[in-house]
Amino acid sequence: MCKSTLVALGFLLIVPVLGQKTPPHPAVPHFEDMAAQAGLSVAHISSPEKRYIVESMSGGVGLIDCDNDGKLDILTVNGSTVDRYRENGGDLMITLYHQDARLKFTDITKQAGLTRKGWGMGIAVADYDNDGLPDIYVTGYGGNALYRNLGNCKFEDVTEKAGVAGGAFSTGAAWADYDRDGYVDLFVSRYVHVDMSKLPAPGSDAKFCRYRGLLVQCGPWGMAGESDLLFHNRGDGTFEEVSKKAGVDDPDHYYGLGAVWGDYDNDGWPDLYVANDAGPNFLYHNRRDGTFEEEGLVQGIAVGVDGMQQGSMGVDWGDYDHDGRLDMIVTNFVNQSDTLYRNLGRQGFVDVTGTSHIAKTTYPYVGWGTAFFDMDNSGWLDIFVANGHVYPQVDSLPGEAHYRQPMLLFRNRRDGTFEEVSAAAGLTAMPLASRRGAAFGDISNDGCLDIVVLNVGEPPSLLLNHCQNGNHRVLFKLVGTQSNRLGIGARVTVNSGKLVQFSEVRSGGSYLSQNDLRLHFGLGAEAKMSVVTIAWPSGKTDTLHDIPADFIYTILEGKGIRDKSRISPLVDSEVPK
């Protein structure tokens, strides 16, 4: 039986209906910024005035277990300035923090060999050579970097050797095995054409360098865009650039930012969604022959409900309504609202931003990093959004949201709507900042999803999730044998009690960021999963029965559970002071 049939049957058997009587919502978990105490001290590099668009778009954050010790390490993009780039070729593109002990990190960037200079933008993690070690890809202005993991968090720069340097103004990156040959391939979105020797001065164009009467950085409107790239993995450590042949090169040169793979039509093949700033977003349907068909407009997921193009930044797939189909959240520019698209299957997508109750709250802000994630282990996906303006000059405008903006958290009300709970979660009490990327994962291995956020010009935030409410949870680490080693593209479906939910292993997403590659599921009051189904990119399916909750499981393709460790709640003595 094929993967799509198995998934469909699972959801036909057990699908909660929106609006049905549900148990009371658990208390909103409290988030605490532990970055300083945990040792995350390196500040993102950025000039304060933001005179040019290249200064406003960096950057992403990422989660990686670089030495396979079971603890997540943290990656942050460093950014740069025009002067530093011109004089010294920029700065180290990323910082790597190793988690030495629970929530205690050390900067090991230089000893890890992550020493390429540039102007970092985004991060994506994958095992491109199937050696069991996660590798790092970094996008940036002027060129990208591929770091091959040699073991023990030591990396080799293989960018030129592998043929993935890219170039121009690269932003989003996302890995997936789009042809299912067992090796992950790499998509790179690119933004605008910027000539560092001929930067347009603020106000040089009356139409494209002003915002509400203010002189601001020029673009992206009025600037030439760039094509996108697709690198096909040859399986020998090198790649072939095939974007035009595959149909994903963007010949119109829209302004590409966030990118994420996901099987939106449940046919077992990864499709690709690309957020374009000030243009229609792309939905590339996988034709299963190495090529794609762009269907964003006909599927209803390219523009807003009013038919207008938006300034889209961050993206994520997730089944927030438990109907067995991937929905999409997209973050947008000020006065546009972030957009929630519900997947109706053969009827395409519908913009439910207004009826879901997220429109009014997100409208005044510029949204970036985002995700569907289960903040309280209820089994229902909530939404987080990191915000921040691109123009520091807006602080002089009365009635306008300032450059530094709050983070937003929306709780799933389980009836198709969301409730904003940022204050209850402690987010509004945190200092305002202009934020960009956000990465989601269980950093403390306590079964609660934490968030790392990039703050422009400042050290990152590590939002520790204190979600200890008695709900059960589980994490799955997948290891491919016939599929790519990290199981990227695999779909795990979990049946627990009356609830069925699924998620996919993804490399890339949010805004230029990388989430935990382990899949997390909140299980509510259910202490056991009756059925767990893993549909691998190879086409193979593994099924497990009667699996206890509250463990981190390592699943080997074709072999089942290879290892497990019990999830351990944090105690006060383990929280850095």
Side-chain angles (χ1 to χ4, degrees), residues 1-11 124 126-128 130 173-189 228-235 239-240 242-243 245-249 259-274 281-296 298-299 301 315-319 323-328 341 343-349 478 480-493 502-509 517 519 533-542 557:
M1 189 175 293
C2 70
K3 178 164 91 172
S4 57
T5 303
L6 282 167
V7 172
L9 284 175
F11 282 98
D127 182 1
Y128 78 91
N130 287 338
W175 296 87
D177 183 5
Y178 73 85
D179 56 356
R180 297 188 3 179
D181 65 353
Y183 291 92
V184 287
D185 313 296
L186 174 64
F187 176 83
V188 178
S189 57
D228 296 332
L229 305 172
L230 179 63
F231 295 102
H232 179 257
N233 192 334
R234 294 189 177 104
F239 293 77
E240 176 188 8
V242 297
S243 58
K245 180 167 63 175
V248 298
D249 58 321
V260 64
W261 295 88
D263 181 10
Y264 78 91
D265 57 354
N266 293 339
D267 69 350
W269 292 75
D271 310 296
L272 176 65
Y273 189 81
V274 183
N281 296 336
F282 295 143
L283 178 63
Y284 291 111
H285 179 250
N286 193 330
R287 288 173 163 169
R288 316 184 201 180
D289 61 359
T291 69
F292 295 81
E293 181 178 8
E294 204 289 295
E295 297 186 339
V298 298
Q299 290 286 351
I301 197 171
V315 290
D316 194 32
W317 293 110
D319 181 17
D323 66 355
R325 295 184 290 264
L326 288 174
D327 311 296
M328 170 61 65
Y341 295 103
N343 188 342
L344 302 179
R346 293 185 178 181
Q347 287 75 45
F349 291 81
L478 303 188
T481 54
Q482 296 183 45
S483 303
N484 68 86
R485 191 68 175 269
L486 290 183
I488 292 170
R491 177 179 289 199
V492 175
T493 304
F502 78 93
S503 188
E504 297 175 345
V505 183
R506 296 193 189 94
S507 170
L517 287 168
L519 296 183
T533 304
I534 305 99
W536 298 89
S538 66
K540 302 291 184 180
T541 299
D542 290 328
E557 183 178 9

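Since the model is a prediction, treat every value here as computed from it, not as a measurement.
- A salt bridge is defined here as a Lys NZ or Arg NE, NH1 or NH2 lying under 4.0 Å from an Asp or Glu carboxylate O, and Asp289 with Arg287 fails to meet this definition.
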### Message
Using the rule given for side chain to side chain contact (heavy atoms under 4.5 Å, CB included), can you reason through Leu478 versus Glu557, listing the C-alpha separation, both sets of side-chain angles and the distance that settles it, and then say yes or no?
### Response
CA-CA 8 Å; Leu478 303 188; Glu557 183 178 9; over 6 Å; no
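- Using a 4.5 Å heavy-atom cutoff, the side chains of Leu272 and Tyr178 are not in contact.
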### Task
Begin with the C-alpha distance, continue with both residues' side-chain angles, and end with the deciding distance and a verdict on side chain to side chain contact (heavy atoms under 4.5 Å, CB included) for Ser503 and Val492.
CA-CA 6 Å; Ser503 188; Val492 175; 5.9 Å; no
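- Using a distance-only test at 3.5 Å, with no hydrogens or angles considered, a donor-acceptor pair links the side chain of Glu294 to the main chain of Gly296.
- Atoms CD and CZ, on Gln299 and Arg346 in that order, are 12.0 Å from each other to the nearest 0.5 Å.
- By the ring pair (Phe, Tyr, Trp, His ring centres under 6.0 Å) test, Tyr128 pairs with Phe239, sequence neighbours left out.
- Every residue two or more places apart in sequence or in another chain that forms a ring pair (Phe, Tyr, Trp, His ring centres under 6.0 Å) with Phe349 is listed here: Tyr264.
- Note that CG of Asn484 is 9.5 Å distant from CG of Asp185, once rounded to the nearest 0.5 Å.
- For the pair Ile534/Thr541, no side-chain contact is recorded, criterion being any heavy-atom separation below 4.5 Å from C-beta on.
- Atom OG of Ser483 is separated from atom CG of Asp181 by 10.5 Å, given to the nearest 0.5 angstrom.
- Between Asp271 and Asp263, some side-chain heavy-atom pair lies under the 4.5 Å cut-off.
- In terms of the salt bridge (Lys or Arg N to Asp or Glu O under 4.0 Å) criterion, residue partners of Glu504 (sequence neighbours excluded) are, by chain and number, Arg491, Arg506.
- Atoms OG and CG, on Ser538 and Asp177 in that order, are 9.5 Å from each other to the nearest 0.5 Å.
- Two residues are said to be in side-chain contact when any heavy atoms from C-beta on lie closer than 4.5 Å; Asn343 and Met328 fail this criterion.
- Counting only heavy atoms from C-beta outward, the side chains of Leu519 and Val505 approach each other to under 4.5 Å.
- Checked by atom type and distance alone, the side chain of Trp261 pairs as donor or acceptor with a backbone atom of Ala174 at under 3.5 Å.
- Proximity of Asp327 to Asp319: side-chain heavy atoms (C-beta onward) are separated by under 4.5 Å at one or more points.
- Partners of Tyr341 according to the side-chain hydrogen bond (donor to acceptor under 3.5 Å, both in side chains) rule, which considers only residues two or more places apart in sequence or in another chain, do not exist here.
- To the nearest 0.5 Å, the span separating CD1 on Ile488 from CG on Leu517 amounts to 5.5 Å.
- A distance of 7.0 Å separates CG of Asn233 from CH2 of Trp175, quoted to the nearest 0.5 Å.
- Considering only residues two or more places apart in sequence or on other chains, Phe282 meets the ring pair (Phe, Tyr, Trp, His ring centres under 6.0 Å) condition with Tyr254, Tyr284.
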### Query
Given the rule in the side chain to side chain contact (heavy atoms under 4.5 Å, CB included) test, do Leu186 and Leu230 qualify, once you have shown the distances and angles that lead to the verdict?
CA-CA 6 Å; Leu186 174 64; Leu230 179 63; over 6 Å; no
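- Remark: side-chain polar atoms of Tyr273 are not paired, donor with acceptor, to backbone N or O of Trp317 under 3.5 angstrom.
- A pairwise comparison of heavy atoms in Ser507 and Ala124 identifies OG-CB, 3.9 Å as the closest pair.
- The closest side-chain heavy-atom distance from Ser243 to Val248 is below 4.5 Å.
- Scanning for salt bridge (Lys or Arg N to Asp or Glu O under 4.0 Å) contacts around Arg288 gives Asp267, with sequence neighbours left out.
- With 3.5 Å as the limit, one finds no donor-acceptor pair spanning the side chains of Asn130 and Tyr183.
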